[in-house]
Amino acid sequence: MSTDTSLQELQRRRNTLLGELAAIGDFRPGNLYELNRRCGRSYCHCAEPQSPGHPVWQLSRKRRGRSVNHHIPTDAVERTRTQLAEYQRFRELTDELVEVSDRICQFKAKAGKTVKKGAAQKAASRSGSGSSVN
């Protein structure tokens, strides 16, 4: 947004962002990755030396400063990817919402100084012209 954006434009953008946030679906943070594991059965294909093993999906994320991993079933991988993308969209929208809200607050603070300064000048001129000292 340009520096000469009006208060009304900022407020419209804030309302748009709030509407987009309301439309966000299920989301979750983390990173999805695939591991290959061996099951340990001697008769399984994964016991062969060239076999990569069985694919296993994991979702990793930080929670209270610690890494937490969740097994993701193969049939839920695409849904999890969608949820991760929604989380990214949520973060982008909230970051922009914070920026816009901050600019609105700055705009109002500047406008408030102008109003207060004008009101103080009016009050000073009223008290100075109508007072008499005995």
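All residue numbers in this chain count up from 1 along the given sequence. Just so you know, these numbers use all the heavy atoms, side chains as well, and skip hydrogens, waters and symmetry mates.
For the atom pair CG (Leu10) and NZ (Lys108), the distance works out to 10.0 Å, reported to the nearest 0.5 Å. To the nearest 0.5 angstrom, Phe90 atom CZ is 9.5 Å from Asp95 atom CG. Separating the CD atom in Gln83 from the CD atom in Gln88 is a distance of 14.5 Å, to the nearest 0.5 Å.
With hydrogens and angles left out, the side-chain atoms of Asn15 and Gln11 include no donor and acceptor closer than 3.5 Å. Side-chain atoms of Asn69 and Ser60 include a donor-acceptor pair closer than 3.5 Å.
Considering Arg14, Arg13, Glu99 as possible partners of Ile104, the one that fulfils the side-chain contact (heavy atoms from CB on, under 4.5 Å) test is Arg14. Paired with Leu18 under the rule side-chain contact (heavy atoms from CB on, under 4.5 Å), one option of Leu97, Leu93, Val100 passes, and it is Leu97.
With Thr94 contributing its side chain and Arg91 its backbone, the two residues share a donor-acceptor pair below 3.5 Å. Side-chain atoms of Glu34 do not come within 3.5 Å of backbone N or O of Trp57 as any donor-acceptor pair.
The closest side-chain heavy-atom distance from Ser6 to Glu9 is below 4.5 Å. Contact of the Gln58 side chain with the His71 side chain is registered, since non-hydrogen atoms from C-beta on lie closer than 4.5 Å.
For the side chain to side chain donor-acceptor pair (under 3.5 Å) test, no residue two or more places apart in sequence or in another chain qualifies with Arg61.
Phe27 and Val77 fall into different hydrophobic clusters, where Ile, Leu, Val, Met, Phe, Trp and Tyr side chains are chained together by heavy-atom contacts under 4.5 Å.
Classification of the His54-His45 ring pair by plane angle, with boundaries at 30° and 60°, yields perpendicular.
Nearest heavy-atom pair across Arg81 and Leu32 is CG-CD2, 3.7 Å. The two residues Cys46 and Cys39 come nearest to each other via the heavy atoms SG-N, 3.3 Å.
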Walk me through it: do Arg28 and Leu84 pass the test side-chain contact (heavy atoms from CB on, under 4.5 Å)?
CA-CA 5 Å; Arg28 61 187 344 180; Leu84 292 170; 4.2 Å; yes
